[in-house]
Amino acid sequence: MPQEPDFPPAKRFRPGSPFFRLSKKPGMLLPRKGNAAVPTDVQRRRLPIYQARSQLIVQLRQLHSAVLIGETGSGKTTQIPQYLYEAGIGRQGMVAITQPRRVAAISLAGRVAEERNSPLGKLVGYTVRFEDVTSPDTKLKFMTDGMLLREAIGDPLLLRYAVVVLDEAHERTVHTDVLFGVVKAAQRRRSEQNRLPLKVIVMSATMDVDLFSQYFNKSPVLYLEGRQHPIQVFYTKQPQSDYLQAALVSIFQIHQEAPPSHDILVFMTGQEEIEALARTCRDIAKHLPETCGPMTVIPLYASLPPVQQLRVFQPAPKGCRKVILSTNIAETSITISGIKFVIDTGMVKAKRYNPDSGLEVLAVQRVSKAQAWQRAGRAGREDSGSCYRLYTEEEFDNLTGMTVPEIQRCNLTSVVLQLLALGISDVLNFDFMSKPPPESMRMALEQLDLLGAVDRKDDQVSLTPLGKKMASFPLEPRFAKTILVSPDFSCTEEVLTIVSLLSVDTVLYNPPARREEVLAMRKKFMSSEGDHMTLLNIYRAFKKVSGSKEWCRENFVNSRNMGLVTEVRAQLRDICIKVYHGLESSLADLANVRRCLAHGLFVNAAELQPDGSYVALHTHQPVSIHPSSVLFQAKPAYVVFNELLHTSRCYMRDLCLVDPEWLQDAAPEYFRRKLRGDALQWEKMPQMLPPVTSEILSGC
DNA sequence: TGGCTACAA
């Protein structure tokens with residue numbers, strides 16, 4: 001289990017200051033603070049980290065593994081790779097610097113290339129999905145953690161690299177967590193085989209580093225001071241029952257008291273909540289007395305069109321206050337300058353996973369201390385700031401220290417397939433930094449077994465030839481399987497399209513205010529065979545007009561996501577051609593396409609009951625058709641679906657009508673007695689059918 | 001029979 005991190009008491013909190021641990025950690029480096037930067041090469045020397053450069057180089061030269069703590073603004077991400085290069089450390093191979101996000105990998109590479117005065121793609125390059133800007137000259141390679149993981153499948157020892165820098169390790173994405181284990185194993189095996197040593201540098205912005213250090217053989221921790229400014233933190237005196245109301249009051253309190261140039265950033269949970277509060281704020285702002293200046297309220301969340309997202313960067317007109325209402329996208333992904341006040345509701349929408357039911361639930365919950373500090377830190381990027389926490393100090397003390405790593409709360413089917421593809425057969429004992437729940441691992445193995453991806457003999461698990469092929473797709477195993485069976489049904493082109501459509505955020509644009517219009521436009525694409533076929537119709541129509549943006553607008557189709565679909569599709573198609581040396585298409589025979597979906601999604605099958613309700617065959621839980629489905633008013637006997645969404649009920653989303661015989665064909669053993677008329681199955685084989693908990697039942 | 005999705009590849 002993750003250890004409770006040792007966080008600074010709020011009152012003495014100075015972001016970027018590691019002083020409170022000075023006595024404990026002798027490895028600390030104490031740079032002098034620099035001033036605001038002016039030219040480019042001088043800029044590097046003015047970064048806080050520069051003062052520690054020579055010490056860092058000495059340390060990094062001798063250490064096999066190091067943990068580096070540095071707040072935002074310390075310059076660690078751009079400078080460490082250059083220091084390594086300048087000192088000739090790891091020149092025998094490349095230096096990989098991983099990032100959880102694409103934009104970060106790309107922009108960091110750009111900045112470092114500029115600092116080196118070298119064209120991007122030469123000495124400094126980057127690799128992210130769909131884009132590889134590197135050359136044989138590339139020594140410093142910025143990449144997404146997912147890309148390095150994918151490379152590891154072909155090269156588990158990561159022999160091209162002399163140094164791997166895992167940045168933003170505190171975010172604990174699934175990919176980073178798997179990489180921890182992969183680089184640690186590669187490091188050990190390379191040393192055993194007397195190969196070029198692999199140096200591992202873990203970089204994190206938070207103080208909960210003991211876990212990192214312990215995991216990497218008690219490696220030393222180096223501290224760097226950042227260039228954050230002091231932040232005053234305020235708590236409410238009483239617990240707030242309504243955080244939205246509390247946010248509203250706080251916004252206008254600040255608005256009445258603070259100079260209008262001081263912008264406010266409010267952290268909330270989701271789109272609907274944000275839009276509602278935005279409306280309320282605008283209404284109230286209209287009716288304020290003259291003494292109060294005007295206010296511009298800007299919502300910010302991921303599904304917002306890019307043009308509207310950019311609004312947060314535009315300065316408000318003089319004398320007007322900018323109030324940004326944001327999801328946690330502003331916590332990490334988008335950095336907004338000029339924020340003087342942060343209001344933290346203390347809530348976040350996060351995914352939870354129940355391995356028994358396979359249910360992923362998106363629920364509003366309290367943030368962790370680490371998240372609360374991350375949010376507060378957004379107020380002190382250029383100058384000192386304030387953070388108003390809409391909860392009491394006692395409530396803060398009771399928050400969990402760090403956010404539960406994603407790997408402990410998600411479906412692990414893809415992870416396990418990837419581990420197996422890396423040649424790790426003892427997946428159940430893989431050296432995770434934070435072990436995922438054993439039920440999640442078992443569930444994942446069971447799913448892979450059902451899909452025909454693995455052979456299990458006693459405790460030894462190995463990939464089948466099909467499983468090996470599945471691992472070559474950057475997809476969830478069930479979708480890889482769907483593609484891989486498609487040649488048997490001569491419909492690879494169609495299946496590729498459908499899987500690509502499912503790989504991106506929805507291409508359907510549904511502005512609530514124009515609901516009737518949307519419905520009328522969408523009618524012409526609707527298929528009685530289900531949502532997948534409806535999506536296929538939309539894609540075909542989109543291609544017919546050569547991806548016209550105008551057509552997208554008229555038909556309420558998100559053209560950005562549609563463009564992404566095209567990219568994903570091309571990538572999947574390339575992989576397909578490599579695996580199969582050819583493609584086939586049935587053009588009109590959509591039944592075959594549905595057969596493929598049955599082969600990939602059969603674990604997500606549901607059966608119509610005599611009373612008109614549906615039951616999921618895998619878990620026997622009652623499920624319903626989501627109102628957004630084209631099959632909402634239909635009553636097909638059997639369907640497969642993409643996912644279950646747990647809101648007021650358990651809703652199946654994205655449905656496809658199937659024949660029960662197809663399900664039998666897809667997994668004869670599994671379905672032998674699962675289909676209608678086997679009520680006793682439940683009691684006979686409890687180990688295959690985990691009991692439905694009362695929690696699930698009451699929620700459905 | 002009736003709901004609405006944080007982030008990432």
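Below, chains carry the letters A, B, ... as their sequence lines are ordered, and counting in each starts from 1. Source: prediction; values computed, not measured.
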Applying a 4.0 Å non-hydrogen cut-off, can you work out what [X] is touching in the nucleic acid: base, sugar-phosphate, or nothing?
{"X": "A:P474", "result": "nothing"}
{"X": "A:R102", "result": "sugar-phosphate"}
{"X": "A:S624", "result": "nothing"}
{"X": "A:F632", "result": "base"}

A:K635 has a side chain; which of B:dA9, B:dG3, B:dT1 sits nearest to it? B:dT1
Per atom distances to the A:A302 side chain, the nearest of B:dG3, B:dC7, B:dA6 is B:dC7
Check the distance between [N]'s [atom2] and [X]'s [atom1] and give it to me in whole angstrom.
{"X": "A:N561", "N": "B:dA9", "atom1": "CG", "atom2": "P", "value": "13 Å"}
{"X": "A:E643", "N": "B:dC4", "atom1": "CD", "atom2": "C1'", "value": "12 Å"}
{"X": "A:L475", "N": "B:dA8", "atom1": "CG", "atom2": "P", "value": "19 Å"}
{"X": "A:D167", "N": "B:dA8", "atom1": "CG", "atom2": "P", "value": "16 Å"}
{"X": "A:Y126", "N": "B:dA9", "atom1": "OH", "atom2": "P", "value": "13 Å"}
{"X": "A:M652", "N": "B:dG3", "atom1": "CE", "atom2": "P", "value": "15 Å"}

Salt bridge (Lys or Arg N to Asp or Glu O under 4.0 Å) partners of A:D531, counting only residues at least two apart: none
side-chain contact (heavy atoms from CB on, under 4.5 Å) with A:E406: which residues, sequence neighbours excluded? A:T173, A:V174, A:R409
Looking at A:F396, is A:R389 sitting on its ring face, NZ or CZ under 6.0 Å from the six-membered ring centre and within 45 degrees of the normal? yes
Say whether A:S624 and A:R649, considering side chains only, have a donor N or O and an acceptor N or O under 3.5 Å apart. yes
What residues in residues 266-277 of chain A put a non-hydrogen atom under 4.0 Å from any atom of DNA chain B? A:T269, A:G270, A:Q271
Apply salt bridge (Lys or Arg N to Asp or Glu O under 4.0 Å) to the pair A:K481 and A:E476, showing each step before the final yes or no. CA-CA 9 Å; A:K481 169 83 182 272; A:E476 281 178 53; over 6 Å; no
Does A:T327 have a side-chain nitrogen or oxygen under 4.0 Å from the phosphate oxygens OP1 or OP2 of B:dC7? yes
Does A:R653 get its side chain close enough to the base of B:dT5, under 3.5 Å, for a donor-acceptor pair? yes
